[in-house]
S.K.: 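Take a look at this one; I'll ask things after.
Just so we're clear, the structure is a prediction, and the values are computed from it rather than from any experiment.
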Amino acid sequence: MANRIWIDVEDLFKYAELGYRPTGIPRLVVELCRAIRALPESKDRVFFVRHDAKRQSFAVISWEAVESVFSSIANGTTEKPKAPPVLRSALKRMTRALPLQLRRLGFLQIEVFVGIAQLINAFAFRMSRRFRFKHRASVVSSDHFNVAARPGDILALLGFAWIEPGHNAYVEKAKREKGLRFALLMYDIIPLRRPEWFDEAVVKNFRDWFTEALSLVDSILTISAFTARDVAEYAREKGILLRAAPTPIPIGTGFQKSNGAQRSSASGPASSILPAPDSYALIVSTIEVRKNHALLFRVWQRLLEDMPAASVPTLVFAGRVGWQVCDLMEQLHNSRFLDGKIIHIERPTDAELEALYDGCLFTLFPSFYEGWGLPVTESHSFRRPCIISTATSLPEAGGALARYIDPDNVTDACRIIRETIQDQAGLREWRDRVRREFRPVPWSQSARAVLQVLETTQDVSGASETRLRRRA
């Protein structure tokens, strides 16, 4: 009988508790799990598990429960509550009335005041959500896992376990007591490579988790060849001997619509503020320093200085506000979002994202550092061309269909974007080329690549082997 595969999905439920709509990694995890589950060779051997904290073990959960929770967060039904718009607006007006030298402090304090206003609602919301998810999850007793798991089975982590404290302890116990092999899908190691973009505690938590995970993992998969090289190089730098070379897998294209998105009409909440089709450029991403929205802000400033405003497309930021972008957000507000030439749509639903892609002229993704580049392939799947950064993994995602900019060079970016805007015939030809030549990767191909690696995963650690070997 083929060895069973136990896929740990605890991180999806932890993500749901945060109250955010899913971004790249949760969406990728769900699509990959759907595809793995659908393969004929997965029948009766692939199971999904959560953590049983009482027994420090794993508990089997139905796939329907996973889909239910993911659908809830994708459709925004579990989204974190906000302070009333009237209160937010009043606080902003009060801040703008401050003397000029105090405005910066005042702007920063807006979020503090709003946070206080949100605290009571958020606390009650989170407690009720924890209760709802706990009882909706349909967790089967961990007795099922403890009885059915056997030596040689594979415990696979396809998400981002470092957000869950103590995750490695579950893995270590399963390997020690059950003889399971451990496979890990790595997205990136950005907190280790560019710690200046993260809170110090985040970097520490990621480093601690990753270092210990390397002592447990029997097989590492990655979402790009770049990430495979990055992980291997980091291990060499730190003197860590990996048990197997990281293996990149092909990443599927596009995401299945949630039920809520399929039911939504085109006249969703975003439609009233969207510019007309073919009148805007689009970036889909959380607004954080790494994604380099600041470069686009400066480019659009220059375009408006050099060109008639009517000939400059509106720029749409689609995504929630992240971290380390207070300066950028202050500049946007102070410039009235470049007098309306920039629009921010926060936490768009699936239906809104589809409308945004369908209506844009082209997309942009000038990120400094990525593990893959889902917004790039997603843009191409909607037959929309993309101007992207030359950095890290993005050339893998964009291939020959993308146009490239130096993420540190505003002048270079401005030239390429201006040429794209002004050459309307060339833009139409580029869009036609994307439509003709882009070949989406089916998620079944990703799933089979994962299974192929898992099938060859060997537990070379041994029961008494030192968990982390370093060069002398």
S.K.: Examine the side chains of Thr420 and Arg403 and answer whether a donor and an acceptor come within less than 3.5 Å of each other.
M.R.: yes

S.K.: Do Phe145 and Trp6 make the cut of ring centroids closer than 6.0 angstrom?
M.R.: yes

S.K.: Salt bridge check: are Glu378 and Arg27 linked by an N-O gap of less than 4.0 Å?
M.R.: no

S.K.: Asp11 vs Lys14, test: salt bridge (Lys or Arg N to Asp or Glu O under 4.0 Å). Steps then yes/no.
M.R.: CA-CA 5 Å; Asp11 58 297; Lys14 295 301 180 184; over 6 Å; no

S.K.: Considering residues at least two apart in sequence or located in another chain, which fulfil the side chain to side chain contact (heavy atoms under 4.5 Å, CB included) criterion with Arg193?
M.R.: Ile189, Asp230, Glu233, Tyr234, Glu237, Tyr369

S.K.: How about Ser224 and Arg229: does a side-chain donor come under 3.5 Å of a side-chain acceptor?
M.R.: no

S.K.: Does Glu31 form a salt bridge (Lys or Arg N to Asp or Glu O under 4.0 Å) with Arg34? I'd like the steps, not just the answer.
M.R.: CA-CA 5 Å; Glu31 292 292 349; Arg34 282 173 179 154; 3.1 Å; yes

S.K.: Would you name the heavy atoms of Ser379 and Thr363 that are closest together and state the gap between them?
M.R.: OG-OG1, 2.8 Å

S.K.: Please confirm whether Phe58 and His51 have ring centers closer than 6.0 angstrom.
M.R.: yes

S.K.: Can you check side chain to side chain contact (heavy atoms under 4.5 Å, CB included) on Val316 and Ile283, steps first, answer last?
M.R.: CA-CA 6 Å; Val316 176; Ile283 174 171; over 6 Å; no

S.K.: The test is side chain to side chain contact (heavy atoms under 4.5 Å, CB included); show your working for Ile405 and Leu295 and say whether it passes.
M.R.: CA-CA 11 Å; Ile405 58 176; Leu295 177 137; 4.2 Å; yes

S.K.: What pair of heavy atoms forms the shortest contact from Val9 to Arg50, and how long is it?
M.R.: CG2-CG, 4.4 Å

S.K.: Classify the ring geometry of His293 against Phe317: parallel below 30°, tilted from 30° to 60°, perpendicular beyond 60°.
M.R.: perpendicular

S.K.: Is the Trp63 ring parallel, tilted or perpendicular to the Phe48 ring (thresholds 30°, 60°)?
M.R.: tilted

